[in-house]
Each structure stands twice: as C-alpha cells, then as structure tokens.
Amino acid sequence: MRLSTLFLSLLALVLREAGPASLPEKERRRREEQSHYGESDPYSELHVGSYMVSPDDYSEVIDLSSYEELAAYGDQLAEVKVTSLAPPTRISPTQSKVTPRTPLSNPTMTKPTLPGPLGSPASHGLPTCLVCVCLGSSVYCDDIDLENIPPLPRMTTYLYARFNRISRIRTRDFEGLTKLKRIDLTSNFISSIDNDALRLLPALQDLILPENQLVALPLLPSGIEFLDVRLNRLRSSGIQPEAFRALEKLQFLYLADNRLDSIPWPLPLSLRSLHLQNNMIETMQTDAFCDPVEHRHTRRKLEDIRLDGNPINLSLFPSAYFCLPRLPIGRFT
C-alpha cells in the first residue's frame, strides 16, 4: 500500500515537471504561437461536445409568439396597387397559383392624316416624312411610285421626287412653300403644270424637269437661275412670248432633246449656258443673241451655246454671233 502511494506521488511529480512537453506536438505548437503573439483564440476554449436540443427547449431559442397570425394564408386578400381601371383581383383560398390577369388592350390609335390628292402618301393616312426621307429642310421621295406631289413641310427647301409616276403639277402642290429653292422631278410622267403652280415661289432657284412629257412651260418665278427641261416634248408654241426676258437671274437654260423649231427670244443678259441640241431648229433671227442695228448686246457671259443636232446651217447667220465671246456649236456647212 505504501509502495503504491509512493509510485503515484512520483508519477504526479514527473507529469508536473514535464508540463507542455507532454502535450501532443500540434497542441504544443498552437500554444507557443498564441503566447508569441500575445493573443488567444476566442474559440479555443469552446467545447460544444454533443449538445442536443430537445423539442422542449425551442421556446428558449425562437420566440414563436409573433407568428400566430400567419397561420391561415388563404383567408387573407392580396394587396393590389391600382394602376388601371380594371377592378382588383381577389385570390381564392383554394387557388394554388395566381393566374396572371390579361392586360387590357389599348384603344386603337389612329395616325393623323394630312390632306392630299389621291395617290400621295397622305391619301393612305401616312405622313410624308414616313414615306419619304426628310433630312433637315430636304425631302427625298425618289422612286416610291408617287402619282402626285405629296404634302410637304412648310420649311422644305429642297425637294427630290425623281423616278416616280407623277403626271401633273397642280397650283396647290407648292402653296405656301416660301423657302423652296430646288425642285427636282427628273424622270416622271409630267405632261402639264398649272400656270400658277411655280410663279408664286419667291425663293425658287433650280427647276429640274428632264425626262418628262411636257409640251408647254408655265409662268416662272423671276428669281430662277437654273432651268432644265431636257428630254421632253416641248414645242416652241408651248413657250410664252418673252417668257425668259423677265428672268434676270437665269444663268443655265437647258432645252435639248425637245421639239423646238426656233430659238427662244429674247434671252436675258445674265445667261451663261444655252443648250438647244437635238431639236428641229432650221433658222434663227439675226438678233437672236445680238442687236445688229445698235449693237447694244455684248454677251460676255454667254460662252456655251449648243445647236448641234439641228437642221440649221449656222454659216448663213454670221451677224447673229458678233457679240458672243465664242461661236455656237453646230453645223456650219
């Protein structure tokens, strides 16, 4: 008995002296690191063990007293925020899913229509700038099978309606377009232009009408500078007497490939280029370009005259060219 007591005492002494050296290697290193940084792991002393929570202890963990009113979901109404005229939808307690409500269809929206003749975009309820291309003050209506001039915005400055099926220009087509400077209706089927359709356009400078079916010209505004009526059916009888005299700004007059039998007269002194080739001109007046009596006409600007493709012999009218800087192009034999 005494020996066993002595043995236990010696064993206790050995363990006390051994201290940390008797701990496992990992545990010893962990304690050394903690002592080195002077910090302790707050979770190092936490030992969860086999802690079990019984159903009787739930009341200590979660307070369910505030959940008593949430038991019967089916008896409650869904809160609906009214954003339309449709009545709120009640959710039945027996519904497992909420069926989405079919949205109300919007009332039919009609596009504003612009007054216009039959065959124009407005006659089909379409604004001109939806059918044509409007860029700034320019309107492009090329090659869209137009049969009439469409209603144009008031600020239109340049109109291009080439390669269409327009057959007539009416007085109302350009009414009120005080800023319109250029009209290009190349390659249409225009056979007539109302006499006042263009005369009241104060800003018009360029009128381009080649490849149409015109037999006569209307009254023209005094500010026009460029007139192109090539490849039409224009006759001399379709040009009003002294039609070009008042056009004091006219510089380019292109009347080639028509059915003219005489040179239009008188011509404004501002003219720089006159094309009359491929017509039926056989003769000319001696004062067609110059004044043979008083020699008042000195046409320094008119340097481009074309009469080729006509049956006229230009050598028979030498006094008609003395005021020109250059002879006309044409047949001299």
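Nothing here was measured: the structure is a model prediction, and the numbers come from that model.
- When each of Leu255, Asn279, Ile281, Thr283 is paired with Ile263, the side chain to side chain contact (heavy atoms under 4.5 Å, CB included) condition holds for Ile281 and for no other.
- Hydrophobic clustering of Ile, Leu, Val, Met, Phe, Trp and Tyr side chains at less than 4.5 Å, counting indirect connections, unites Ile193 with Leu227.
- Residue-environment remark: CZ (Arg162) exceeds the threshold of 12 foreign heavy atoms within 6.0 Å.
- For Ser273 against Asp304, the heavy-atom pair with the smallest separation is OG-OD2, 2.7 Å.
- Between Ile239 and Leu260 there is a side-chain heavy-atom pair separated by less than 4.5 Å.
- The heavy-atom pair separating Pro210 from Asn232 by the smallest distance is CA-ND2, 3.9 Å.
- Relative ring orientation between Phe226 and Phe252 is described as tilted, the plane-to-plane angle lying within the 30° to 60° band.
- Checked by atom type and distance alone, the side chain of Trp265 never pairs as donor or acceptor with a backbone atom of Met284 at under 3.5 Å.
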Would Thr157 and Arg182 count as a side-chain contact (heavy atoms from CB on, under 4.5 Å) if you check the C-alpha gap in whole Å, the side-chain angles of each, and the deciding distance to 0.1 Å?
-> CA-CA 7 Å; Thr157 304; Arg182 173 177 291 181; over 6 Å; no

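- In this structure, the side chain of Ser270 does not engage the main chain of Gln251 through any donor-acceptor pair within 3.5 Å.
- The closest side-chain heavy-atom distance from Ile166 to Ile149 is below 4.5 Å.
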Between Asp206 and Asp184, is a side-chain contact (heavy atoms from CB on, under 4.5 Å) present by the stated rule, with each step listed?
-> CA-CA 8 Å; Asp206 303 337; Asp184 189 345; over 6 Å; no

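- Atom-to-atom distance recorded for Arg331:CZ and Asn310:CG is 10.0 Å, nearest 0.5 angstrom.
- Two residues are said to be in side-chain contact when any heavy atoms from C-beta on lie closer than 4.5 Å; Ile190 and Ile169 meet this criterion.
- Counting only heavy atoms from C-beta outward, the side chains of Glu248 and Pro268 never approach each other to under 4.5 Å.
- Side-chain atoms of Arg306 do not come within 3.5 Å of backbone N or O of Asp308 as any donor-acceptor pair.
- For the pair Asn188 (side chain) and Asn164 (backbone), a donor-acceptor distance under 3.5 Å is present.
- Because its NZ or CZ atom is both nearer than 6.0 Å to the ring centre of Phe189 and within 45° of the ring axis, Arg165 counts as a cation-pi partner of that residue.
- What you find for Leu247 and Pro221 is that their closest heavy atoms are CD2-O, 3.3 Å.
- In the hydrophobic cluster analysis, where Ile, Leu, Val, Met, Phe, Trp and Tyr join through side-chain heavy atoms closer than 4.5 angstrom, Met280 is grouped apart from Leu316.
- Distance check: Asn258 CG to Leu231 CG gives 7.5 Å after rounding to the nearest 0.5 Å.
- Atoms CG and NE2, on Leu307 and His275 in that order, are 10.0 Å from each other to the nearest 0.5 Å.
- In this structure, CD in Glu282 is found 12.0 Å from CG in Asn313, a value given to the nearest 0.5 Å.
- Contact check for Leu271 versus Phe244: no side-chain heavy atoms found under the 4.5 Å cut-off.
- Dense packing is recorded around CD of Glu303, with more than 12 heavy atoms of other residues, nucleotides or ligands lying under 6.0 Å away.
- Judged purely by atom type and a 3.5 angstrom limit, Arg299 has no side-chain atom pairing as donor or acceptor with the backbone of Cys290.
- Residues Leu250 and Tyr254 fall into different hydrophobic clusters, defined by Ile, Leu, Val, Met, Phe, Trp and Tyr side chains chained together at heavy-atom separations under 4.5 Å.
- Side-chain contact between Cys132 and Tyr160 is absent, with no heavy atoms from C-beta onward closer than 4.5 Å.
- A donor-acceptor contact shorter than 3.5 Å links the side chain of Asp228 to the backbone of Arg230.
- If you check the side chains of Asp261 and Ser236, you find a donor sitting under 3.5 Å from an acceptor.
- The aromatic rings of Tyr321 and Phe289 are tilted relative to each other, their planes meeting at an angle between 30° and 60°.
- Tracing side-chain contacts under 4.5 Å through hydrophobic residues (I, L, V, M, F, W, Y), one reaches Leu146 starting from Leu209; they form part of the same cluster.
- By the criterion of side-chain heavy atoms lying less than 4.5 angstrom apart, applied directly or through intervening Ile, Leu, Val, Met, Phe, Trp or Tyr residues, Leu274 is grouped together with Val229 in one hydrophobic cluster.
- Nearest heavy atom pair, residue Leu207 against residue Leu198, reads CD2-CD1, 3.5 Å.
- Residues Phe174 and Ile183 have side chains in contact (heavy-atom distance under 4.5 Å, counting atoms from C-beta outward).
- Here CD of Gln285 is found 11.5 Å from OG of Ser319. Values are rounded to the nearest 0.5 Å.
- Looking at every heavy atom in both residues, Leu204 comes nearest to Lys181 through CD1-O, 3.5 Å.
- Shown here for Pro218 and Gln240, the closest heavy-atom pair between the two residues is C-NE2, 4.4 Å.
- Atom CD of Gln213 is surrounded by more than 12 heavy atoms from other residues, nucleotides or ligands within 6.0 Å.
- Between Leu200 and Glu175, every side-chain heavy-atom pair lies at or beyond the 4.5 Å cut-off.
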Run the numbers on Arg168 and Asp194 for side-chain contact (heavy atoms from CB on, under 4.5 Å), then give the verdict.
-> CA-CA 8 Å; Arg168 180 184 175 187; Asp194 289 0; 3.1 Å; yes

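- The structure places OG of Ser137 at 12.0 Å from CG of Leu152, a figure rounded to the nearest 0.5 Å.
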